[in-house]
Structures are given as structure tokens and as C-alpha cells.
Amino acid sequence: MKGGVGKSTLCANLAWHFAGMRNWTRRVLVIDLDPQFNASQYILGVSRYQTDVMAACAPTVWDIFEQQSRAPGLRAANRSLTDSVQRIINFNGGGYVDMIPSQLELSFTLKNPSQKEHLLSNFVADIEDSYDLILVDCAPTESVLTTAAYLTADNILIPVKPEFLSTIGLPLIRQSLTDFERSYRKAVGVSGICFNMCADYAPEENQSKTEVRALSAAFGWHVFDEEMPFSRSFPKGAREGKPIFWTSYARSNVSAKVSAFCNAFGGQIGL
Ligand SMILES: Nc1ncnc2c1ncn2[C@@H]1O[C@H](COP(=O)(O)OP(=O)(O)OP(=O)(O)O)[C@@H](O)[C@H]1O
Ligand SMILES: [Mg+2]
């Protein structure tokens, strides 16, 4: 319920971390569930997105939602929904990152959303045994795509930028979860709140963290002690299509903090 808090950036870095960092050798799938397709561009890189998704007319997450109408990616001969899963990188230890990219036309699904909320979770049920971790990158506004994400997920991770507007957003996301659980009779856990873009000096930041911690305690939500620092390496990584720990000038203390958060998240969800 809040844009630009670092959802896509965090999602991409978590994927790379668990597939190939240090002792992690997990099989990871990232599903880009945002018509803005930022996670696709970040993880694939902008030029590979153009060639392997757009020019190749590859099926994307849009095809999963429009499978009855056979969206363009499925029209080519012999293509199935499983062709929407692209292998991004194999790490030496055996871990890998796969991705289901998104495309702008996913916004058409928002105009005609009826009966489509179960299509993603149905598809994921068929392929989930191939993965240890499936990350779904959500759009900032609530829609049928949010419901599809809740139906697919066991847990949600909530990145929070420590500023005043975040405190307003948290009750909205709780209401959204409560409404969902009542309508669909499925529980979705909250794996925790991740403070992102922390600079560690502003009084406003500390005030916001205090308020978020109080709200989270009232909601019964975990708040990670490990925080993600503010760093220019994140936009730099997005430009280069690289994890934070591979960017050309990521300071080692930034990489270490990102690793610490990722490891804590892995522990929290029992990975
Ligand atoms: N820890 C960080 N420090 C500095 N910049 C960051 C950090 N995390 C993300 N960014 C930058 O902030 C911007 C927004 O990040 P991102 O796209 O991940 O947010 P989002 O929550 O996915 O946005 P949206 O709601 O539009 O999907 C990007 O330019 C990204 O590079
Ligand atoms: Mg995003």
C-alpha cells in the first residue's frame, strides 16, 4: 500500500542471496506480479528483457492470467504456460534463480479481473516442487493481483521505509489481509517488517521506527532487527542488473547488512 519502498529491489536481492551466497544453494523462483515489471528488468537486465521476453514474444505472468483467451505469448506453436519460467542464473553450488517475468499488458488484466484470482496459485501448485523458495513481487496498489499473491503465498514480507507515511500504510495492509482471510478462508502469515533505506541518523527515522514497532507489536507482527541500509549501490545494481553484492562499488558494510537481513529472513521462514 506504499510505492517505492524497495519491494522489487529486496525481492531480487533475496533471490540472488539464497541461490548463490555463501552457504545458500537454494532453488529460487521469482514471480513478477507488477505491470511495471521492475523486478523483471532488474533481474534479467534491460537488454535481456528486450531480447528474451519482448522480442521473443515469450509467455509471461500475463499469459497465466489470460490463459483462457490465449494471450500473445501462448499463441505461438507448442508454447505452454511452463515456458513463462525462464532460467536466469545457475550458481556453482547448484542453486539457481528462475523467473516468471511480467509485462506492461498485465494492466489489461486489471480492467477485466473477474474469476482470475486463482489462476496464479493453480499454476504455482503445479511447479512448486521444483523450488525451495518462491518470491512474488507485488505492485503497490491493491487489485486482483494482490488477491492472487495472497492465494499463492504462505507469508508476506513488508518492507517499510521509516517515514511518517509508512505508519499510515500498515493498518491498511492489515485490513487488506483481514478482508482477504474472511473472503477466501485462507490464512497468510506475516514473516515480518523489514526497515529499508535506513540512514541511521534522522530523528524522523527513529520516530517512525518507534511507531512502526508499536503498531507491529499490537498486530503481532515480527520486526526484523537486521535493517537494510540506504545505499546508492541499489540503484546502481538495478542499472547493471546485478545483486548488491556484485555491484562495482558496494561497500562491504552494505553487503554485510544485506546478507544479515537475508539470513534473518531465511531463519524466520525456516528456509
Ligand atoms: N536500500 C536502498 N537504498 C537506496 N535506494 C534504494 C534502496 N532500496 C531501493 N532503492 C531504490 O529506490 C527505488 C525504489 O525501489 P523499488 O523499485 O525496489 O521499490 P518498490 O517498492 O518495488 O516500488 P513500486 O512500489 O513502484 O513497485 C529504486 O530506484 C531503488 O533502486
Ligand atoms: Mg516494485
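As the structure lists them, so they are numbered: ligands from 1, and atoms in each ligand from 1. The analysis underlying the following values was restricted to heavy atoms, covering all of them including side chains, and did not include hydrogens, waters or symmetry mates.
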Ligand 1 contact by A238, heavy-atom criterion under 4.0 angstrom: no
Protein heavy-atom partner closest to atom 2 (C) of ligand 1 - residue, atom, separation in Å: F234 CD1, 3.3 Å
Electrostatic pair R79-D83, nearest N-O below 4.0 angstrom: no
Polar atom proximity, K7 to ligand 1 (N or O, under 3.5 Å): yes
Crowding at CZ, R182 (>12 non-hydrogen neighbours, <6.0 Å): no
Identity and distance of the protein heavy atom lying nearest atom 8 (N) of ligand 1: N196 ND2, 3.5 Å
Check: W16 ring centre within less than 6.0 Å of Y42 ring centre: yes
Top protein contact for atom 12 (O) of ligand 1, by heavy-atom distance: M197 CE, 3.6 Å
Cation-pi check, K161 onto F195 ring (under 6.0 Å, within 45° of axis): no
Electrostatic pair R185:E181 at N-O distance under 4.0 angstrom: no
Contact check: S8 to the Mg ion (ligand 2), N/O/S below 2.8 Å: yes
Interfacing atoms of ligand 1 (cut-off 4.0 Å, heavy-atom, P235): 5 (N), 31 (O)
Ligand 1 contacted by Q36 (non-hydrogen, < 4.0 Å): yes
Whether F224 and H222 hold their rings parallel, tilted or perpendicular, with breakpoints at 30° and 60°: perpendicular
Ligand 1 N/O within reach of G4 N/O, cut-off under 3.5 Å: yes
Polar side-chain atom of N90 near backbone of Y96 as donor-acceptor pair, under 3.5 Å: no
D137 N/O under 3.5 Å from ligand 1 N/O: no
Heavy atom of protein inside 4.0 Å of atom 6 (C) of ligand 1, strictly below: yes
A12 to ligand 1, any heavy atom closer than 4.0 Å: no
Nearest-neighbour protein heavy atom for atom 19 (O) of ligand 1, which is reported as residue plus atom name and distance: G6 N, 3.0 Å
Which of the ligand 1 atoms, numbered from 1, are nearer than 4.0 Å to a heavy atom of V5: 19 (O), 20 (P), 21 (O)
G3: numbered ligand 1 atoms lying under 4.0 Å from its heavy atoms: 25 (O)
Any N or O of T9 closer than 3.5 Å to N or O of ligand 1: yes
Aromatic plane relationship, W24 with H17 - under 30° parallel, 30 to 60° tilted, over 60° perpendicular: tilted
Closest protein heavy atom (residue, atom, distance) for atom 3 (N) of ligand 1: S231 N, 3.0 Å
E204 atom CD, over 12 foreign heavy atoms within 6.0 Å: yes
D34 contact mode with ligand 1 (heavy-atom cut-off under 4.0 Å): side chain
In one Ile/Leu/Val/Met/Phe/Trp/Tyr side-chain cluster, 4.5 Å: V30, V53: yes
Geometric class of the Y184/F180 ring pair [parallel <30°, tilted 30-60°, perpendicular >60°]: parallel
Polar contact flag for P229 and ligand 1 (N/O pairs, less than 3.5 Å): yes
N206 atom CG, neighbour heavy-atom count above 12 within 6.0 Å: yes
Protein non-hydrogen atom found under 4.0 Å from atom 28 (C) of ligand 1: no
